[in-house]
Amino acid sequence: MSTKKRALITGITGQDGSYLADLLLEKGYEVIGMVRRSTNYRYPNIEHLIGKVTLEYGDLMDGDRLAGLVRQYQPDEVYNIAAQSVPADSWSQPIVTAEITGVGVIRMLEAVYRHKPDARFYQATSREIYGGVPQYTCDESTPFNGNNPYGIAKLYAHMMMVNYRESYGMFACGGILFNHESPRRSLHFVTRKVTMAAACIALGVKNPPLNEVGEPLVRDGKLRIGNLDAVRDWGYAKEYVEAMYLMLQSDTPSDYVIGTNTDYTVRDLCKIAFGCVGLNWEDHVVSDDRFMRPTEINAARGDYGKAKRELGWEPRTSFQDLIAMMVDADLKLLKA
């Protein structure tokens, strides 16, 4: 009989899920990844993992399927990362966001509670649960005040995870992750939009990829994005999945803020990204009301002090190095 630990990852094809699979395989785990059934069978983030992980079709909308996967594989650890994960989309799809990002977590918790109650459970919570709190820097004691459909759904899921931990004694942890990016980020997120646009303009790409509204990302040499003054705490996703893993190795389940305790504006992001290719961002970036949020978050910095004390985790990659890495990856991708 195999003595390998077994992990089930929902959302394995995304940025976080793919990096987490890399990490767990390096540590000798058997990895089962859940993917949604679609007519698109290409998963760029995990192409290098084909044959190394077991892929199963499933959806957070389908409680019976989730229960079946947990019952079949009896995982030691469950990492629930799948979600409708784009805050901007949550205004146009509030019900879908609630069903997947909120109620979907209850289906996953129920599956674990009923079929593998000793499994350790990680819930991907978001700094969006802080929403409109007046504090600029947030830690685990900061009150929650989600102020968009995505953040509110994540808050519901987080509180239910805490409820299962306290009610049933489940080993369940919530990672309250501030923004984290990488070359594997999708084009629905502003960091990747900016780095890809800088690469496209620098290389003179005539047919750039499409943005979230189905238009060319770059038109007439211009990138159109939302609020240039929005402030975020951005870190490197590959490092953040290490924190997820460490949470489930601890002696006692708890919740942790994962961030860098730094802040930059979208304007800073543009300046750094376009500077990497020798361009003045102001010549190529315009603010477009169509990409503005109806409400903006106040919480900008994530205080990772508890994670450093209890897990030994801290960020290692600077924001400038992260963006340079993403621009370089997009240049290589487009050239290929």
Side-chain angles (χ1 to χ4, degrees), residues 13-19 22 43-48 85-89 177-241 259-260 262-288 290-293 300 315-336:
T13 62
Q15 168 188 256
D16 293 5
S18 61
Y19 279 124
D22 289 339
Y43 306 112
N45 286 339
I46 60 167
E47 284 182 345
H48 65 292
S85 59
V86 184
D89 287 353
L177 273 57
F178 277 62
N179 294 64
H180 46 291
E181 317 299 322
S182 76
R184 298 184 188 180
R185 196 48 135 166
S186 91
L187 277 170
H188 281 76
F189 293 84
V190 68
T191 47
R192 187 72 192 287
K193 288 173 67 174
V194 170
T195 62
M196 177 60 78
C200 285
I201 294 170
L203 295 176
V205 173
K206 294 182 179 179
N207 296 300
L210 302 181
N211 63 19
E212 64 268 39
V213 296
E215 299 173 349
L217 182 65
V218 177
R219 284 186 296 145
D220 302 320
K222 303 287 186 181
L223 166 68
R224 290 160 176 80
I225 55 177
N227 182 9
L228 292 169
D229 295 316
V231 179
R232 297 290 186 269
D233 178 339
W234 278 298
Y236 183 23
K238 188 175 182 179
E239 295 172 358
Y240 282 39
V241 302
T260 69
T262 63
D263 60 88
Y264 295 89
T265 65
V266 174
R267 197 181 302 273
D268 296 327
L269 161 65
C270 294
K271 181 178 180 180
I272 294 168
F274 279 84
C276 289
V277 291
L279 296 173
N280 179 1
W281 73 272
E282 293 176 298
D283 295 333
H284 300 285
V285 179
V286 294
S287 184
D288 188 325
R290 293 179 302 160
F291 301 108
M292 295 288 189
R293 287 187 175 201
R316 303 184 297 276
T317 303
S318 71
F319 179 61
Q320 292 82 357
D321 288 345
L322 171 62
I323 299 307
M325 176 200 310
M326 293 175 66
V327 171
D328 184 59
D330 283 332
L331 288 169
K332 290 178 180 176
L333 179 66
L334 292 169
K335 289 176 182 177

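In this structure, L223 CG and S287 OG are separated by 10.5 Å, a value rounded to the nearest 0.5 Å. Here the OG-CD distance, from S18 to E47, works out to 11.5 Å after rounding to the nearest 0.5 Å. If you take OG on S182 and CG on L322, they are separated by 8.0 Å, rounding to the nearest 0.5 Å. Atom CG of L217 and atom SG of C200 lie 6.0 Å apart (nearest 0.5 Å).
The pair R290-D288 meets the salt-bridge criterion, since a charged nitrogen lies less than 4.0 angstrom from a carboxylate oxygen. Using a 4.0 Å cut-off between charged nitrogen and carboxylate oxygen, R232 and D263 do not count as a salt-bridge pair. A salt bridge is defined here as a Lys NZ or Arg NE, NH1 or NH2 lying under 4.0 Å from an Asp or Glu carboxylate O, and K271 with E282 fails to meet this definition.
For the 3.5 Å distance criterion, the side chains of D330 and T195 qualify, holding a donor opposite an acceptor. Donor-acceptor pairing under 3.5 Å is lacking for the side chains of N211 and H188. No hydrogens or angles considered: a donor-acceptor pair under 3.5 Å links the side chains of E239 and T317. For the 3.5 Å distance criterion, the side chains of D229 and T265 fail to qualify, holding no donor opposite an acceptor.
Of all the heavy atoms in G221 and H284, the pair that sits closest is O-ND1, 2.9 Å.
Partner of I201 under the side-chain contact (heavy atoms from CB on, under 4.5 Å) criterion, out of V277, L279, D283: L279 alone. Tested against W281 for a side-chain contact (heavy atoms from CB on, under 4.5 Å), the candidates L228, I272, L269 yield a single pass: L228.
Between L187 and E212 the shortest side-chain heavy-atom distance does not fall below 4.5 Å. Within the 4.5 Å cutoff, the side chain of F319 has no heavy atoms near those of the D233 side chain. In this structure, the side chains of V218 and V205 stay at 4.5 Å or more apart for every pair of heavy atoms.
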Does L334 form a side-chain contact (heavy atoms from CB on, under 4.5 Å) with M196? I'd like the steps, not just the answer.
CA-CA 9 Å; L334 292 169; M196 177 60 78; 3.8 Å; yes

Can K222 and V285 be said to form a side-chain contact (heavy atoms from CB on, under 4.5 Å), step by step?
CA-CA 6 Å; K222 303 287 186 181; V285 179; over 6 Å; no

Apply side-chain contact (heavy atoms from CB on, under 4.5 Å) to residues Y236 and M325 and explain how you reach the verdict.
CA-CA 10 Å; Y236 183 23; M325 176 200 310; 3.7 Å; yes

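Listed by first and then second residue, the salt bridge (charged side-chain N to carboxylate O under 4.0 Å, His left out) pairs involving residues 197-206 amount to none (not counting sequence neighbours).
Relative to the ring axis of Y19, R184 places its NZ or CZ within 45° and under 6.0 Å from the centre. In this structure, R185 forms a cation-pi arrangement with F189, its terminal cationic atom sitting closer than 6.0 Å to the ring centre and no more than 45° off the ring axis.
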